[in-house]
Protein chains: 2
Amino acid sequence: MNNRLAEKMAAVLKAIAHPDRLMIIEILAGGEKCVNKIVERLDSSQSLTSQHLNLMTNKGVLARRREGLHIYYRIANRDVLKILRCLFRHCRNR
Amino acid sequence: MNNRLAEKMAAVLKAIAHPDRLMIIEILAGGEKCVNKIVERLDSSQSLTSQHLNLMTNKGVLARRREGLHIYYRIANRDVLKILRCLFRHCRNR
DNA sequence: CAACTATATTAAGATATTTTAATATACTTA
DNA sequence: TAAGTATATTAAAATATCTTAATATAGTTG
């Protein structure tokens, strides 16, 4: 692992290293959702959720598409789910 | 995933979400090493490296043992390596 | 025990992340 | 086109992380 790659890897981890953002990824694991559904399930504010969604989209973790008034978010690359599953197993028993 | 678990998971991610710390984990994947070996391979300062090592030890990612003047660090739980491998594969091609 | 080696701790400043509140934008529909 | 709904952006304050430099500690050896 060279320095450049280590930085890329750290950037991906930082993009998901937040409780709300992990929950968002879990919510989207079940398929794409529009923002207000995500806000409801998170029990967080619209603004903050939107910022989390934007951050993860900019970092390539999520992708979005518009359909009328709604914007649907989805997981951009399923690799992230693998990482989450390892992490989940690791944390569940401790 | 409940809130408590999401926080635990985020804490583990934060503990490793730093280029130097990822490199340290990779170095230790080959077996335990003492601090000065790690410092050499990282090309970072003794103090900063020691702080990274402490942080990861406190968060349960690493473990250490003393042998005379040297303190040997090792990976506390191999789950972390699985996470890193997923992440590595994810980042290598982008 | 003095000098040395290996490592840890501390404090401070720099930088980044998180959160809130207010406001803006984009699209839809009456 | 005005009002309404869904979402995004911005700015500021609060908090956390990162880095450096200086110093402390713990063990070893002459």
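The basis for the numbers below is simple: all heavy atoms, side chains too, and nothing from hydrogens, waters or symmetry mates. Order of the sequence lines fixes the chain letters, A, B, ..., with proteins taken first and strands second; residue numbering starts at 1 for each chain.
For A:Arg66 (side chain) and A:Gly68 (main-chain N/O), a donor-acceptor pair under 3.5 Å exists by modelled atom type. Between the side chain of A:Ser50 and the main chain of A:Gln46, no donor-acceptor pair closer than 3.5 Å is present.
D:dC18 atom P lies 14 Å from atom CG of B:Leu53, rounded to whole Å. Remark: P of D:dT7 and CE of A:Met56 are 15 Å apart, rounded to the nearest angstrom. Between B:Arg65 atom CZ and C:dA6 atom P there is a gap of 16 Å when expressed in whole angstrom units. Taking atom CG on B:Asn54 and atom C1' on D:dC18, their separation rounds to 15 Å, with Å as the unit. Rounding to whole angstrom units, CD1 of residue A:Ile71 and P of C:dT25 are separated by 15 Å. For the pair B:His70 NE2 and D:dA26 C1', the interatomic distance rounds to 13 Å; values are reported in whole Å.
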Report each atom pair, protein N/O against N/O of nucleotides 28-30 of chain C, whose distance is under 3.5 angstrom.
none

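Screening residues 20-33 of chain A for salt bridge (charged side-chain N to carboxylate O under 4.0 Å, His left out), with sequence neighbours left out, gives A:Glu32-A:Arg65. Sorted by first then second residue, the salt bridge (charged side-chain N to carboxylate O under 4.0 Å, His left out) pairs that include residues 40-57 of chain A, not counting sequence neighbours, number zero.
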Kindly indicate, with the supporting measurements, whether the criterion side-chain contact (heavy atoms from CB on, under 4.5 Å) is fulfilled by B:Ile83 and A:Lys82.
CA-CA 8 Å; B:Ile83 297 169; A:Lys82 284 190 213 157; over 6 Å; no
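Not one side-chain nitrogen or oxygen of B:Tyr73 sits closer than 4.0 Å to the OP1 or OP2 atom of C:dA6. Put simply, B:Arg66 has no side-chain N or O that comes within less than 4.0 Å of OP1 or OP2 on C:dA6.
Side chains of A:Tyr72 and A:Val35 form no contact here, defined as non-hydrogen atoms less than 4.5 Å apart. B:His90 places a side-chain heavy atom less than 4.5 Å from the side chain of A:Asn77. A:Arg64 places none of its side-chain heavy atoms less than 4.5 Å from the side chain of A:Arg74. In this structure the side chain of B:Leu87 never reaches within 4.5 angstrom of the side chain of A:Asp79, judged on heavy atoms. No side-chain heavy atom of A:Ile24 sits under 4.5 Å from any side-chain heavy atom of A:Tyr73.
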For residues 55-62 of chain A, tabulate all N or O donor-acceptor pairs below 3.5 Å that involve a side-chain atom, not counting sequence neighbours.
unit_1	atom_1	unit_2	atom_2	d
A:Thr57	OG1	A:Leu53	O	2.7
A:Asn58	ND2	A:Asn54	O	3.3

Tell me, for nucleotides 14-21 of chain C in 5' to 3' order, what letter each nucleotide earns: B for a base near a protein heavy atom under 4.0 Å, S for only sugar-phosphate near one, - for neither?
----SBBB
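Contacts of residues 27-42 of chain A with DNA chain D (heavy atom under 4.0 Å): A:Cys34, A:Val35, A:Asn36.
A donor-acceptor contact under 3.5 Å is not formed by the side chain of B:Gln46 with the base of C:dA6.
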